[in-house]
Student: 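Quick one: the structure is below, questions incoming.
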Amino acid sequence: MDKLRARWKLERYMKKAVPRSIQVTISVSFTIVALVCMLAMGIALYQRFAVRSEKMLTDAAQLTLDQTVINLEDYLRSMRRMSDALYYYVIKNQDISKETPIDQMNLLYEAHKDYLISLALYTDDGELVCASPVGVEKEDVDVTSQSWFVSAISKPENLHFSQPHVQNIFVDDPTFRYYWVISLSRAVEMGGRGVPEQGVLLVDMNYAVIEQMMEGANDNPSQQYVYLIDNNGTILYHPMQMQISAGLFKENNIAAAGYDDGSHKEELNGSSRIVTVNTMSYTGWKLVSVIPTSNSYLGMKDTRYFVLMVVSITLIAMLILNRLVARRVTRPITKLNESIRDIEMGKAKPSVYIGGPLEIEHLGKTFRASYEQIRQLMRDMVASQEEKRKSELDALQSQINPHFLYNTLDSIVWMIEGEKYDEAVFMITQLASLFRVSLSGGKTIIPIEDEIKHASNYMNIQKVRFKDAFTIDFDIDERIKNCCTVKLIVQPILENAVYYGVKDMEDGEIRVKGFLGDDGDIYITVSDNGFGMSSDQTKLLLTDDTRARKKGSGVGLINVQRRIQLRFGEQYGLKIDSEPDEGTVVTIHLPAIPCTEENRKRLESGKEHEDEK
Amino acid sequence: MKNRNVFILVFSLLLLIIFLTSTSALVLSGVRDEPAQVSVIIDDSSQARWASFLSGAEQAAKDKSVKLKIVSTGKSVNINQQQRLISEEINEGAEGIILQIASSRQTENMISDISNRAVLLLIDSSADMDVDVEGRSATIEPNNIEVGRALANEIRIALGNDLSGYTIGIVAGNKRLNSMMLRMEGFTENIESSGAKVLWTDNSLNSIVDNIEYRQNRARADILVALDNNGLEAACEYVIKSGESPYIFGEGTSIKNVSYIDDGLITSMVVPNEYYMGYQSVAAIAKRLENRITPMENETISYRVINKENLFDENNQKILFPVVE
């Protein structure tokens, strides 16, 4: 359950974190593809580079080894030759009992002084015959127990190279000097005394010479080094000899003794290294070159930095290039998208982008066509709506006429029959005026002056009909007389006031007052002192459309309200204040719009109300 | 839109940083850092007894890329002179000091002063110091009590367990050094039960041969025991000079002493692994300089007992005889 939730969370997070625009998708895909290619190429190149540099390193190591081997072999050979010369040309032929070969020894020693510590000839029981340079033997030293002597006696046919050791034969007292030597010993047959006598010839080679040669081979700043072992793996020279004997460093010398000549890979202390072995002739010594792999192609910091540098610059270049390419590819789509966004935002005159590749162009054209179509449809819809409204208005207006006309004409008939001709004439004049305003040349919007005139015509007629049962008083501010109003809004209110308010009263009083309010709007109040009504009834007057009318022209206040609001907006209309037995005040609220031809036309087409929205 | 831009911006910024760092690293890798300097202040720096120690120190300096400076000193440099030398060294840029201290007494202020300014490593002998929680200094020395005990053991091995009737003269070196005190302690506690009698103890630092002669003339000891290299050399020189033949035991490292073993003057000698001491002291300082958080730790080095029989043993050769070209 938790897993699922975590996954869901992750997915949601990913959706948020990874932007989903086309440009990014293209950019990212390009980058990934390029990256994969680059990686593949990098790995391939790296492999080649690794193999080559490994080969180069081993080749170089091999070269160093070869050189060192040549030097060492040279040195050892010259030592062997000297031993040979001393043996075959001097010792073998000379009668030792009569004359020691000290002169020849001195000669040879002097000639090879740099490479030698000493030359010495011993009898087979360890007695010194002669030595060069002349030295004092240590008192209690028994050479027969020393390894070089033992091996010479045990294998008389061979030349023996010992391990490096401190010479322990002669005394060099005042200087406290001890010499590291490698002893080259051989069994010899000393001539003279009739029977050849066994002996041992010792050539103590200066170990420092070998050390110098090896140091020369090790003289490089890298971590690679060369060491020397004998055929058993005993270390003869190692650049870190002291550390090894102090236990600070470990060498794989025993294993190296078993290696054939050439390069080998091995692991030591967890780090891999390339070991190149070269065996020397005659002695069987092995020269071993060690290259830690961390030293070579991989470990070089420079290479790593270089790789990092190349990778980062390539990535930056790729990122920029990919963004440019992606932007170029997606530009038409982006532009089209922007046009759509403009339309969404309701920009006044949006233009749809058409261009780019064929598909996008087609998309743009189709979109523009359908957008135009939608606009046309909307315009049509608005027009038909307007039409509908107009017809409704017309219908409302036409509702006024028949009842009233019938009643008035009926009154006139009665007057004529009663021969009240003056009154009849007055009546007919008023009626004619009433109709003229009512028609107003088919206009819906008329000045307030005309509307009031219409109302007063109507009231004059009604007063006659109801035999002056009430008084009427018009008080209209001059400033509002030339402002626009929807026609025939005062008359229905007056009609209501007459029929529901003052008709049956003796001193009914209706006052019509028009004025400019503090807020700059026009207010026309129609107040009566009739019976009034309850607040419940008041509410219903402006909301209930279905109430059946018993009296009057049948045009309810609700119709007046709707007409005002259709023209001027919801904030305008009627307000009714009424108290039972006190009377009723109906307030018409209109905007103050001067009744110019232009305003009138605008209002008639119903535009003002639309714009406000 | 914003999200995307931020994402790409951050990514490119990261790449740019990597690019700049790697480029600068590439450029800078050509310019090697100046290696840290470590100064070595030891008594009588040119003396042969330091050969092994210094070759260890030099090898470590090479391995750890440290610039090693062996300050040239004469014999018996006192503690104030040492402090002055160290100050000079630190002013000249030494970041590490390897010090064979001249005296172990009342060195608290000096040690805390030095270890505030440089990494300090004491060799051969510890010294009085305040509690050092941070591990800003350390000591590398042999287990000196064990060295003293080993000397006593060697006498017992050579001359038998019952030494009653034998008299001993001790050349005890600098008694203000902890190392000498401990060797003395180890020696006396181990020799007491043997029945041998300690006739005299000499603590002189100069003209030791004359002092031994003086003491021997007053009360002749059969066995001379030297607790340090100088004392051992002096004891041998005294013997050569006087023609007497007492048994000589002692601690030492110099080739001179080795040669005296070879000559049979010294019966047996305790040789601390000074090569290791030198190597480790430089290595420890290099480690501390690289990582200042790791506290330094005291270290004990091993020792060997050398006598005429095992002098030329393969393993001993490497430690005792430096290669002479």
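Proteins come first, then strands; the chains are lettered A, B, ... in the order of their sequence lines, and each starts at number 1. When reading the values below, keep in mind they use all heavy atoms of this one structure, side chains included, and skip hydrogens, waters and symmetry mates.
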Student: Just wondering, do A/Y178 and B/D262 contact through their side chains at under 4.5 Å, heavy atoms?
Tutor: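 B/D262 vs A/Y178: side chains touch.
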Student: Heavy-atom cut-off 4.5 Å, strictly under: side chain, backbone, both or neither for B/L16 against chain A?
Tutor: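 Both the backbone and the side chain of B/L16 come within 4.5 Å of chain A.
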Student: Using side-chain heavy atoms (C-beta onward) and a distance below 4.5 Å, is B/E314 in contact with A/H165?
Tutor: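 With C-beta onward as the side chain, the pair stays apart.
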Student: Please say whether more than 12 non-hydrogen atoms of neighbouring residues, nucleotides or ligands are located less than 6.0 Å from OH in A/Y115.
Tutor: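 Result for OH/A/Y115: open.
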Student: Please determine, among B/Y275, B/F19, B/Y279, the option with the most heavy-atom pairs under 4.5 Å with chain A.
Tutor: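 Answer, by heavy-atom pair count under 4.5 Å with chain A: B/Y275.
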Student: Answer with side chain, backbone, both or neither: which region of A/Q163 has an atom nearer than 4.5 Å to a non-hydrogen atom of chain B?
Tutor: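 For A/Q163, the contact with chain B is made by the side chain alone.
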Student: Is it the case that over 12 heavy atoms from other parts of the model lie below 6.0 angstrom from the OH atom of B/Y247?
Tutor: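 Open.
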Student: Heavy-atom distances under 4.5 Å only: say whether A/I313 touches chain B with side chain, backbone, both or neither.
Tutor: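 Both backbone and side chain of A/I313 come within 4.5 Å of chain B.
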Student: So which of B/T23, B/L311, B/N315, B/V258 has the largest heavy-atom pair count under 4.5 angstrom toward chain A?
Tutor: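 Most heavy-atom pairs under 4.5 Å with chain A: B/T23.
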Student: Kindly give the heavy-atom pair with the smallest separation between B/S22 and A/M309, and that separation in Å.
Tutor: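 Looking at all heavy atoms of both residues, the shortest contact is OG-CA, 3.3 Å.
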Student: List the atom of A/L319, the atom of B/S12, and the distance in Å for their closest heavy-atom pair.
Tutor: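 Heavy atoms only, the tightest pair is CD2-OG, 3.6 Å.
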Student: Taking every non-hydrogen pair under 4.5 Å, which of A/V311, A/N168, A/V141 racks up the most with chain B?
Tutor: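 Among A/V311, A/N168, A/V141, the one with the most close pairs to chain B is A/N168.
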Student: Heavy-atom count around A/F30 CZ within 6.0 Å, excluding the residue itself: above 12?
Tutor: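 12 or below, so no.
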Student: What part of A/Q146 is in contact with chain B, defined as an atom under 4.5 angstrom from a non-hydrogen atom: side chain, backbone, both or neither?
Tutor: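 For A/Q146, neither part sits under 4.5 Å from chain B.
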Student: Does atom NZ of B/K308 have more than 12 heavy-atom neighbours from other groups under 6.0 Å away?
Tutor: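 Buried by this count: over 12 neighbours within 6.0 Å.
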Student: Which atoms of B/D63 are under 4.5 Å from chain A, going by heavy atoms: the side chain, the backbone, both sets, or neither?
Tutor: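 Interface part for B/D63: side chain.
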Student: CD/A/Q241 to CD/B/Q59 distance, rounded to the nearest 0.5 angstrom?
Tutor: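 Nearest 0.5 Å value for the CD-CD distance: 10.5 Å.
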Student: Is there a donor-acceptor pair closer than 3.5 Å between any side-chain N or O of A/W180 and the backbone N or O of B/F321?
Tutor: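 A pair under 3.5 Å: yes.
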